[in-house]
Amino acid sequence: MYVLEVLSGPLDGKTWRFDREIMIGRDDGAVDACIALDRYISRKHARLHEHQAGLVLTDLQSRNGTKLHGNAVTGDIDLALGVPFVVGRTVLRVTRA
């Protein structure tokens, strides 16, 4: 079980729990983690999913991109627990529940 947490942005402190996968975006009907207050987040912005022994972060061809360590995420990229990443103008991280 994992926890996706907003570190900075309009929903600072908000969390979502997930087991194997979570979709991030602005459309409450299309994603699990809805951040509708950040207008720089796309309807379906990014996906986190468990793969083998870790997590994989994927940008879903969002308009404003997803960043990890200040670099744009293209394709699938490994994401270590506790490392912040940015969708729109919102900073997030994943930890174990």
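A heavy-atom distance below 4.5 Å is not found between the side chains of Thr95 and Leu81. A heavy-atom distance below 4.5 Å is found between the side chains of Ile22 and Trp16. Counting heavy atoms from C-beta on, the side chains of Phe85 and Ile77 never come closer than 4.5 Å. At least one side-chain heavy atom of Val83 sits under 4.5 Å from a side-chain heavy atom of His69.
Annotation: the span from Glu5 atom CD to Lys14 atom NZ amounts to 12.0 Å, rounded to 0.5 Å. Here the straight-line distance linking atom CG of Asp12 with atom CG of Leu7 works out to 7.5 Å at 0.5 Å rounding. Atom CG of Leu79 sits about 12.0 Å away from atom CZ of Arg93, to the nearest 0.5 Å. One finds the CZ atom of Arg39 at 6.5 Å from the CZ atom of Arg89 (value rounded to the nearest 0.5 Å). Annotation: the span from Thr74 atom OG1 to Gln61 atom CD amounts to 11.5 Å, rounded to 0.5 Å.
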*Determine, stepwise, if the pair Arg96 / Tyr2 fulfils side-chain contact (heavy atoms from CB on, under 4.5 Å).*
CA-CA 4 Å; Arg96 288 235 183 245; Tyr2 300 98; 3.5 Å; yes
_Stepwise side-chain contact (heavy atoms from CB on, under 4.5 Å) test for Leu92 and Ile35_ = CA-CA 11 Å; Leu92 303 162; Ile35 308 173; 4.2 Å; yes
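Linking Ile, Leu, Val, Met, Phe, Trp and Tyr residues whenever their side-chain heavy atoms come within less than 4.5 Å leaves Leu60 and Leu57 in two separate clusters. At a threshold of 4.5 Å between side-chain heavy atoms, the hydrophobic network of Ile, Leu, Val, Met, Phe, Trp and Tyr places Met23 and Val3 in two separate groups. Side-chain heavy atoms closer than 4.5 Å link hydrophobic residues (I, L, V, M, F, W, Y) into clusters, and following such links, possibly through other members, connects Ile24 to Leu11. A single hydrophobic cluster is seen to contain both Phe18 and Ile41, as judged by linkage of ILVMFWY side chains at heavy-atom distances under 4.5 Å, directly or through other members. Under the 4.5 Å side-chain heavy-atom criterion for ILVMFWY residues, no single connected hydrophobic cluster contains both Val86 and Val31.
With sequence neighbours left out, Arg17 forms a side-chain hydrogen bond (donor to acceptor under 3.5 Å, both in side chains) with no residue at all. When the side chain to side chain contact (heavy atoms under 4.5 Å, CB included) test is applied to Asp78, the partners found at least two apart in sequence or on another chain are Val56. Residues forming a side-chain hydrogen bond (donor to acceptor under 3.5 Å, both in side chains) with Thr58 (at least two apart in sequence, or on another chain): Asp76. The side-chain hydrogen bond (donor to acceptor under 3.5 Å, both in side chains) check on Thr90 picks up Asp38, with sequence neighbours excluded. Partners of Ser62 under the side chain to side chain contact (heavy atoms under 4.5 Å, CB included) rule, at least two apart in sequence or in another chain, are Ser42, His45, Asp59, Thr66. Not counting sequence neighbours, the partners of Arg43 by the side-chain hydrogen bond (donor to acceptor under 3.5 Å, both in side chains) test are Asp27.
Here the shortest heavy-atom pairing between Leu37 and Pro10 reads CB-CB, 3.6 Å.
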